[in-house]
Number of protein chains: 2
Amino acid sequence: MNDRVLDQIRSNNHRAISRLITQIENGTEVLDSDFSELFQYSLRALRIGITGPPGAGKSTLINCLVQHIVNRNLSVGVVAVDPTSPFTGGALLGDRVRMNRYSGNPDVFIRSMGSQGDLGGLAKKAQDVGDVLAASQKDIILFETVGVGQGEHDIIKAVDFTIVVLVPESGDEIQLMKAGLIELADAFIVNKADRDGADRLIQGLEHILKNYSQHPDHIPKVYRTVANRDEGVAEALNGIMESIENEQTTGALDQRRIRRHRQRVSTLIREYLLKSFWSDYRESHLIEETRTIESVRRSPYEIAQQLIKSADYE
Amino acid sequence: MNDRVLDQIRSNNHRAISRLITQIENGTEVLDSDFSELFQYSLRALRIGITGPPGAGKSTLINCLVQHIVNRNLSVGVVAVDPTSPFTGGALLGDRVRMNRYSGNPDVFIRSMGSQGDLGGLAKKAQDVGDVLAASQKDIILFETVGVGQGEHDIIKAVDFTIVVLVPESGDEIQLMKAGLIELADAFIVNKADRDGADRLIQGLEHILKNYSQHPDHIPKVYRTVANRDEGVAEALNGIMESIENEQTTGALDQRRIRRHRQRVSTLIREYLLKSFWSDYRESHLIEETRTIESVRRSPYEIAQQLIKSADYE
């Protein structure tokens with residue numbers, strides 16, 4: 001990336017941002033060293049992850065949160081990496097239009113990323129996009145994910161604060177605990193809270209958080225919203241911003257930033273290892289070794305060892 | 001693994017199977033070469049993946065499927081790698097007891113595996129466990145997963161036939177398409193089909209499958225069940241077994257077996273690369289480089305490069 005592009009990003013030129021993000025997605029024209037430079041300017045933004053099961057209404061909620069963030073005179077970037085998000089699938093199905101109300105607004109930049117089966121590379125790309133938006137001086141970067149699985153875990157582990165969005169139908173607190181959603185969250189939002197079962201879920205969550213939290217002075221709060229009627233969203237945002245300020249004072253936020261930095265390094269190394277290994281030669285070698293139905297009789301361990309021992313060309 | 005253990009596995013000694021699976025989970029005492037040997041005896045079993053969002057009632061459905069498989073005079077192994085499954089979390093919360101009705105039955109072996117944050121290693125371990133159960137001469141191996149994310153994708157890509165379980169609340173067919181669940185499925189089961197919206201979901205699914213399937217002569221079927229009342233489950237199993245027989249005839253099953261074999265090799269290689277890289281030295285090096293809040297000012301790309309260039313000891 002030349003200095004001109006970097007200047008454009010830093011001065012919040014949305015067209016330049018959009019172009020750079022497309023390059024990141026295509027994965028061809030951007031070098032890792034470019035990001036070392038950009039990274040210096042991306043440290044100020046607050047990164048918030050928003051995750052939860054499909055159908056929890058995350059996109060509607062994020063739409064609403066964006067408006068309230070703007071109302072607070074803050075700027076915001078959204079990176080939607082949830083394959084179920086209408087932001088992501090929008091191009092295919094025509095509902096990308098939903099977010100158009102913000103196009104032309106310099107304080108809001110929304111970008112969806114999604115490529116099924118490429119969840120590995122997706123975490124790295126999503127973080128790079130987050131850096132670009134942060135370098136454009138957005139105050140807050142929101143990352144939307146579905147929150148199950150390695151790729152999304154990589155993203156959620158690399159934010160400053162994680163909001164888990166649930167609905168009464170998401171299951172009871174025991175199921176949520178098993179799903180690992182309890183330990184993931186710095187705050188909960190129970191959306192569609194006008195439905196049956198919302199009170200029970202909120203009470204169950206508060207009970208389990210109070211009794212099982214590892215840090216008794218740092219218990220995640222539970223907020224209730226009806227996002228499609230904009231009920232409770234401003235209050236949830238207020239509470240969350242207050243929690244984050246409080247964590248800034250106690251140093252908890254710094255600890256999390258260190259962890260997320262470490263996580264990003266690990267993700268980069270994994271990507272690098274896989275990319276270095278899978279040369280064209282090794283890829284065609286694998287296909288060659290597994291071409292026929294007879295080949296499935298050979299143990300995958302043997303084939304893996306053979307590929308590992310092979311040079312990356314021959 | 002010595003010959004005695006291998007013989008015990010092959011003669012369906014459930015205690016020996018259980019011990020070996022525990023060793024696989026602990027990841028210490030079993031060598032990859034052991035599996036090359038075991039693998040030879042694990043080729044006959046049919047591997048079926050059962051996936052779907054949390055709350056779709058997969059576990060209840062699997063309980064029910066197991067009974068109908070036994071009724072058909074077939075033997076079955078279940079590998080539950082869904083962290084939301086009661087099989088998995090059971091030890092913690094006391095509901096592992098649910099499956100006890102089959103203990104002592106030589107034709108049924110159920111094993112839950114779950115370790116949050118270890119989804120990478122989990123795919124390999126789940127496949128190894130599947131091999132052990134297959135080598136014990138079980139006819140069918142069921143793999144239960146939540147079906148979002150890298151680790152679970154690795155498992156689902158390595159089965160012969162994938163069933164996606166949905167409920168009316170899982171979202172409409174458009175959302176499911178975006179979530180990548182449509183292309184994953186070889187058959188659908190709409191469970192809790194006595195609830196509102198089931199008919200609409202089934203019609204929507206059938207419509208999208210008919211119009212968007214890449215193989216018009218191989219369109220996934222949609223079954224409806226109410227698993228907790230055992231309604232429709234026997235019919236679904238019949239239909240699915242028929243589809244599989246049909247695929248055996250057309251060669252489609254062989255093609256999928258080749259793909260799953262290839263996928264297993266890739267997974268093994270990824271595990272190997274990560275394990276080789278993260279020596280104790282490199283791990284402590286990473287922690288050292290990211291100890292203070294000032295360290296987050298350094299680009300993760302720089303730190304990653306430094307670690308990659310470092311020897312694995314010093």
Side-chain angles (χ1 to χ4, degrees), chain A residues 32-33 35-36 39-40 43 53-55 83-85 88-89 92-93 116-117 119-120 146 148-153 169-171 174-175 177-180 254 257-258 261-262 264-266 268-270 272-274 277 286-287 290-293 295-297 299-305 307-308, chain B residues 32-33 35-36 39-40 43 53-55 83-84 88-89 92-93 116-117 119-120 146 148-153 169-171 174-175 177-180 183 254 257-258 261-262 264-266 268-270 272-274 277 286-287 290-293 295-297 299-305 307-308:
Chain A
D32 285 359
S33 53
F35 284 96
S36 290
F39 187 78
Q40 310 306 321
L43 297 165
T84 66
S85 164
T88 313
L92 175 62
L93 294 141
Q116 260 115 44
L119 281 168
V146 183
V148 193
Q150 189 71 56
E152 274 120 349
H153 252 84
E169 294 79 7
S170 301
I174 304 293
Q175 288 179 305
M177 198 175 173
K178 289 184 201 168
D254 279 358
R257 285 194 153 150
I258 289 176
H261 201 231
R262 200 171 281 163
R264 281 192 70 171
V265 175
S266 300
L268 286 173
I269 287 174
R270 192 186 60 218
Y272 168 83
L273 292 174
L274 288 172
F277 185 84
L286 172 60
I287 290 168
T290 54
R291 196 176 284 287
T292 64
I293 188 63
S295 77
V296 309
R297 306 193 73 85
S299 150
Y301 288 95
E302 255 180 69
I303 302 175
Q305 277 306 320
L307 275 159
I308 287 163
Chain B
D32 284 359
S33 53
F35 284 95
S36 289
F39 187 77
Q40 310 307 320
L43 296 166
T84 66
T88 313
L92 175 64
L93 295 142
Q116 259 115 43
L119 281 169
V146 183
V148 193
Q150 189 70 56
E152 274 120 349
H153 252 84
E169 294 81 6
S170 301
I174 304 294
Q175 288 178 305
M177 198 176 174
K178 289 183 199 168
E183 59 192 67
D254 279 357
R257 284 193 153 152
I258 290 176
H261 201 230
R262 199 171 281 163
R264 281 192 71 171
V265 175
S266 300
L268 286 173
I269 287 174
R270 192 185 60 216
Y272 167 83
L273 292 174
L274 287 171
F277 184 85
L286 172 60
I287 290 169
T290 54
R291 194 176 287 289
T292 65
I293 188 64
S295 76
V296 308
R297 306 193 73 84
S299 150
Y301 288 94
E302 254 180 71
I303 302 176
Q305 277 307 321
L307 275 159
I308 287 163

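Computed over heavy atoms, backbone and side chain alike; hydrogens, waters and symmetry mates excluded. Residue numbers start from 1 in every chain, and the chains themselves are labelled A, B, ... in the order their sequence lines are given, proteins ahead of strands.
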Original post:
Pick from B:L43, B:V265, B:L286: which one has the most heavy-atom pairs with chain A under 4.5 Å?
Top reply: B:V265
**OP:** Answer with side chain, backbone, both or neither: which region of A:I258 has an atom nearer than 4.5 Å to a non-hydrogen atom of chain B?
**Re:** both
Subject >> From CZ (A:F39) to CZ (B:R297), nearest 0.5 Å >> reply: 9.0 Å
Subject >> Whether B:R262 side chain and A:T290 backbone form a donor-acceptor pair below 3.5 Å >> reply: yes
Original post:
So what's closer than 4.5 Å to chain B heavy atoms on A:S266: side chain, backbone, both or neither?
Top reply: both
Original post:
Under a 4.5 Å heavy-atom cut-off, does chain B meet the side chain of A:I308, its backbone, both or neither?
Top reply: side chain
Original post:
Counting only N and O atoms by type, is there a donor-acceptor contact under 3.5 Å from the side chain of B:R257 to the main-chain atoms of A:V296?
Top reply: no
Subject >> A:L274 side, atom CG; B:I269 side, atom CD1 - distance, nearest 0.5 Å >> reply: 10.0 Å
**OP:** State the CG-CD distance between A:L268 and B:Q305, to the nearest 0.5 angstrom.
**Re:** 9.0 Å
Original post:
Non-hydrogen atoms of chain A under 4.5 Å away: do they reach the side chain of B:Y301, the backbone, both or neither?
Top reply: both
**OP:** Over all heavy atoms of both residues, which pair between B:H261 and A:S295 is shortest? Give the atoms and the distance, please.
**Re:** CE1-O, 3.1 Å
Subject >> A:I293 versus chain B, the contacting section by heavy-atom distance below 4.5 Å >> reply: both
